[in-house]
Novice: 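Dumping the structure here so I can ask a few things about it.
Heavy atoms only: backbone and side chains are in, while hydrogens, waters and symmetry mates are out. Order of the sequence lines fixes the chain letters, A, B, ..., with proteins taken first and strands second; residue numbering starts at 1 for each chain.
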Amino acid sequence: GEDVEQSLFLSVREGDSSVINCTYTDSSSTYLYWYKQEPGAGLQLLTYIFSNMDMKQDQRLTVLLNKKDKHLSLRIADTQTGDSAIYFCAESPGYSTLTFGKGTMLLVSP
Amino acid sequence: DTEVTQTPKHLVMGMTNKKSLKCEQHMGHRAMYWYKQKAKKPPELMFVYSYEKLSINESVPSRFSPECPNSSLLNLHLHALQPEDSALYLCASSQVGTSPSTDTQYFGPGTRLTVL
């Protein structure tokens, strides 16, 4: 079955770059997503990447996809304290199915 | 507009109560979802509605009863819940298309449910 793995915790200083990593097993994954969840809130879609892409950049966010190794990463440039949250990687073969990783808690210290 | 709204934000109920959670979207999406999320865990899919018909039920106990009265609204009726049902209940919506590109799910802020 599908499986998505993430490291559970990342701590960085304000202004540094953060890199959150994710691996997945389903070779039929077509779309890969990053969601952000702040304490007590719902999931905010940050970005997504199609499996036929290697990289996607959106302002401070850069997503890299290594389809051969089934590895996805999210880089946040100039990390701010407001970026502190849980980040979920999710994969989908399409058609209303999402498999989430366990989430990476990002803690940004001043 | 990529907003999904949920009411109430918080709900406290006893095990004998009947209550309902509500979800609304006006993005023209024809798929709507209920997820349950326990603390420090990823969301778990409960139900999927596609074109107002229940298409996925992930073996959820019958004390949870979903309803999709129209394409913009999704309800979750709760009855005789247990304390372990306390969680954040998230609603999401997406398009339904012929390609995966339409399946991006947008989530609401959730309802924090506490069962006493």
Novice: What is the minimum heavy-atom distance between Leu88(B) and Ala41(A), and which atoms define it?
Specialist: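 So the two residues come closest at CD2-O, 3.7 Å.
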
Novice: Decide whether Tyr33(B) and Leu74(B) are clustered together by the hydrophobic rule: side chain heavy atoms of Ile, Leu, Val, Met, Phe, Trp, Tyr closer than 4.5 Å, transitively.
Specialist: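 Unlinked, Tyr33(B) and Leu74(B) end up in two clusters.
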
Novice: Are Met27(B) and Tyr35(B) connected, step by step, through hydrophobic side chains (Ile, Leu, Val, Met, Phe, Trp, Tyr) whose heavy atoms are closer than 4.5 Å?
Specialist: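 Both belong to a single hydrophobic cluster.
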
Novice: Please list every donor-acceptor pair under 3.5 Å in which a side-chain atom of residues 12-24 of chain B meets a protein atom from a residue at least two apart or in another chain.
Specialist:
{"unit_1": "Asn17(B)", "atom_1": "OD1", "unit_2": "Gly14(B)", "atom_2": "N", "d": "2.7"}
{"unit_1": "Ser20(B)", "atom_1": "OG", "unit_2": "His77(B)", "atom_2": "ND1", "d": "2.6"}
{"unit_1": "Glu24(B)", "atom_1": "OE2", "unit_2": "His26(B)", "atom_2": "NE2", "d": "2.8"}

Novice: Is it true that Tyr35(A) and Phe50(A) fall in one hydrophobic cluster, defined by side-chain heavy atoms closer than 4.5 Å?
Specialist: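 Yes: a chain of side-chain contacts under 4.5 Å links Tyr35(A) to Phe50(A).
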
Novice: What part of Glu44(B) lies closer than 4.5 angstrom to a heavy atom of chain A: side chain, backbone, both or neither?
Specialist: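 Contact with chain A is absent: no heavy atom of Glu44(B) under 4.5 Å.
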
Novice: With a 4.5 angstrom heavy-atom cut-off, is it the side chain or the backbone of Leu45(A) that approaches chain B, or both, or neither?
Specialist: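 For Leu45(A), the contact with chain B is made by the side chain alone.
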
Novice: Spell out the residues in residues 100-110 of chain A that have some non-hydrogen atom less than 4.5 Å away from a non-hydrogen atom of chain B, in order of number; otherwise answer 'none'.
Specialist: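 At a heavy-atom separation under 4.5 Å, chain B is reached by Phe100(A), Gly101(A), Lys102(A), Met105(A).
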
Novice: Return the minimal non-hydrogen interatomic distance between Pro42(B) and Phe88(A), and the atom names on each side.
Specialist: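 In terms of heavy atoms, the two residues are closest at CA-CE2, 3.5 Å.
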
Novice: Around atom CD of Gln59(A), are there more than 12 heavy atoms from other residues, nucleotides or ligands closer than 6.0 Å?
Specialist: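 No.
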
Novice: When clusters are formed by joining ILVMFWY residues with side-chain heavy atoms under 4.5 Å apart, either directly or through shared neighbours, do Leu65(A) and Met53(A) land in the same one?
Specialist: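 In one cluster: yes.
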
Novice: Could you check Gln37(B) against Leu43(A) for side chain to side chain contact (heavy atoms under 4.5 Å, CB included), going step by step and ending with a plain yes or no?
Specialist: CA-CA 11 Å; Gln37(B) 187 181 26; Leu43(A) 272 68; 4.2 Å; yes

Novice: Determine whether Tyr33(A) and Gln105(B) satisfy the following criterion, side chain to side chain contact (heavy atoms under 4.5 Å, CB included), listing intermediate values before the conclusion.
Specialist: CA-CA 10 Å; Tyr33(A) 301 87; Gln105(B) 293 184 29; over 6 Å; no

Novice: Only pairs at least two apart or in different chains count here, so list each disulfide bond (SG atoms under 2.5 Å apart) that has a residue in residues 6-70 of chain A.
Specialist: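 For residues 6-70 of chain A: Cys22(A)-Cys89(A).
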
Novice: Between Gln37(A) and chain B, which part of the residue has a heavy atom less than 4.5 Å away: side chain, backbone, both or neither?
Specialist: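 Only the side chain of Gln37(A) comes within 4.5 Å of chain B.
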
Novice: With disulfide bond (SG atoms under 2.5 Å apart) as the rule and sequence neighbours excluded, what pairs involving residues 25-79 of chain B come up?
Specialist: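 Output for this query is empty, none listed.
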
Novice: Are Trp34(B) and Val4(B) co-members of a hydrophobic cluster defined by side-chain heavy atoms under 4.5 Å apart?
Specialist: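 They do not share one cluster, since no chain of ILVMFWY contacts under 4.5 Å joins Val4(B) to Trp34(B).
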
Novice: Can you tell me how far apart OH (Tyr31(A)) and OG1 (Thr104(B)) are? Round to the nearest 0.5 Å.
Specialist: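 That separation rounds to 7.0 Å.
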
